[in-house]
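Take a look at the structure below.
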2 protein chains.
Amino acid sequence: MDNSQSIKQRTSSAGNSPAARRRRKFVIAATDLFSNNGFHETTVKEIAEKAGASPGLIYNYVRDKEELLSLAIIAVLESYKTEVPKAVIKYDDPVKRFAAALAAYIKVVADKPKATLLAYRYTAILPSPMRDQIKEMEIETNQIISDCITTCIDAGYFREANVEFVSYRAVLLAHGWALKSWRLGKLHNVEEYIEGNLDLFLTALFTEKGRRHYSKLCNEAPLGG
Amino acid sequence: MDNSQSIKQRTSSAGNSPAARRRRKFVIAATDLFSNNGFHETTVKEIAEKAGASPGLIYNYVRDKEELLSLAIIAVLESYKTEVPKAVIKYDDPVKRFAAALAAYIKVVADKPKATLLAYRYTAILPSPMRDQIKEMEIETNQIISDCITTCIDAGYFREANVEFVSYRAVLLAHGWALKSWRLGKLHNVEEYIEGNLDLFLTALFTEKGRRHYSKLCNEAPLGG
DNA sequence: TTCTGTAATGAATGATTGTTCATTTAATTT
DNA sequence: AAATTAAATGAACAATCATTCATTACAGAA
C-alpha cells in the first residue's frame, strides 16, 4: 500500500542501523554472486540464501534486483575513490605522489579483480541516470591522477603532455590487471605489474630534470609502500 | 528426429553456400542487437525479425542463442587476427612494423568499438571450451605484437624488456579505445589516440640507437598508413 | 499476559522467452 | 503434373524467475 515507507533507508551505503546492516548483507551477497556467476545468471533466491534470509525480504531493503547491481558497482568505484587519495596524501614530492596513486589504484583493483570486472560488464545495463553517476565517480578518481601529473609537469619533472589522456591510460592499465586475469591467465604478480607500469610512464614522461630528481629519490628511500 | 543432419553447415564462418549466407545473416543481426542492447536483453524473436525470418528458422542454422553469441565474439577476434598481420607485412623495418601493428589494432577496434565491448562483456558466460578458443585467438594476436617487439630488441632499437608484458599493455590500450568511449565519452579522435600511444611506447622503449634510427625514418617518410 | 506494529517468510503469480514441431510453402526431381 | 524433398513459419509449450502478499513470528509496550 505505502511504497516509500517500507524501504528502510535509501541512503547510498552509510549508516549503522540494523536496517543498514541487513541491507549491506544483501549487497555483499549479491556482489559475490554477480561477480562469480554473472548478474542474469544469479537468482534473487540465491542472493537471499547466501544472505541467510528469504527472497521476499530483500524487497524491504531494495527496490529490485537491479538496485543491488547498482549498489555493488558503486561500492567498487567508491573503493577507488577512497583508497587512491589515501595513498597520495602520504607524500609531498610530486613524483612520489604520482607513483603512489598508480600503485594504489592497481592494488585496489588487484584486491578485488572480480569487482572491477563486474563494473566493466554491467554498467551498461543500468538506467542512464545511474550510469551517469558512475561515470562521474570514474572521472573524479581520474582527476586525482590528473592532478598528480599536472603537478609533476609544473615542477618541471614531466614533459608537457595531454594530461587527461595520460591519466586515462594509467587508469586503463590499472584496470588491466583485472581484465588480464581472465583473458590471459596469471603471468606476473601485482608487484611486477605495478613496477612495470610505473617504469613505462616515468620513462616516457620524465624530463632530464625529472630523471635526475627521481634517481636521487630512489637512493634516499626506495619507493613503494 | 535426426539432429545433426538438419543443421546446415557447422563450419565456423566460411563457405558461400546459401545456407552459409543465411547463417551469416543471423549472426550479423545478432551481433548488432547484442552489441547495442546486450545479450540477455535481446530476444530470439528480435534477431529473427532483424534478419527477416521467423524465430524457428534460426534453429536450423544454429544450435541455440548462445551459439550466436559465440559466433559474434569469434568474428571480432578473427578481425583482429586478420587485420593486424595485414598491416605489419607492409613494412620491413622493425620499428615501422611495431608502429603499424599498434596502429592497425587500434583502428580495427575503433572501427567497431561495440563489437570489442561485446567480447569483453560476454566471453565470461560462454562455456569453458569456447572461452579457451577465444583466449587462444587473443594470444595469437598478441604474439604478432610480441614478435615485432622482439625484433626491435634484437636489432638494438628497443631496450631489454618483458616482451609479453609490454605487448599485453599495447593490446590493452588498443582495446582501451572501445572501453573509453562509453566510460568517459569522446575525448579525442582515433588518430590522436594512436599517436599518443605510439609516442608513449616508443619513448619508453627506445635505446639511443633506436631514437636516432626513428628520427631518420620520420624524415624520410612520415609514418602511418 | 495481551496488544500492536514491525520483520520475515515462502508459496503463488504473472510475465517473459528460448525452443519445438505440426503445418505450410517453395523448390527440385521424376 | 505429380511426387518428393527441403525451407520456413509461428503458435504453442515448458521452464524460469522477479516480484508480490497473505500469513506467521517476533519484539517491545502497556
Determine: side-chain N/O of A/Tyr61 to OP1/OP2 of C/dA8, distance under 4.0 Å, yes or no.
->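 Answer yes for this pair, as a side-chain N or O of A/Tyr61 is under 4.0 Å from OP1 or OP2.
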OP1 or OP2 of D/dT19 under 4.0 Å from side-chain N/O of A/Arg63 |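 No, because none of the side-chain N or O atoms of A/Arg63 sits under 4.0 Å from OP1 or OP2 of D/dT19.
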Would you call the rings of [X] and [Y] parallel, tilted or perpendicular, taking 30° and 60° as the class edges?
X: A/Phe39; Y: A/Tyr122; result: tilted
X: B/Tyr193; Y: A/Phe165; result: tilted
X: B/Tyr61; Y: B/Phe26; result: tilted

Between atom [atom1] in [X] and atom [atom2] in [N], what is the gap in whole Å?
X: B/Tyr59; N: D/dC13; atom1: OH; atom2: C1'; result: 13 Å
X: B/Ile125; N: C/dG18; atom1: CD1; atom2: P; result: 12 Å
X: A/Leu57; N: C/dA7; atom1: CG; atom2: P; result: 9 Å
X: B/Lys45; N: D/dG10; atom1: NZ; atom2: P; result: 10 Å
X: A/Asp64; N: D/dT20; atom1: CG; atom2: P; result: 9 Å

Taking atom types as modelled, find out whether B/Thr116 and B/Tyr80 have a side-chain donor-acceptor pair closer than 3.5 angstrom.
->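 Result is yes, a qualifying pair exists.
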Going by number, which of residues 46-56 of chain A have a non-hydrogen atom under 4.0 Å from DNA chain C?
->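 Heavy-atom cutoff 4.0 Å gives A/Ala53, A/Ser54, A/Gly56.
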Specify the residues of residues 25-42 of chain B, ordered by number, for which at least one heavy atom lies under 4.0 angstrom from an atom of DNA chain C.
->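 Heavy-atom contacts with DNA chain C come from B/Thr42.
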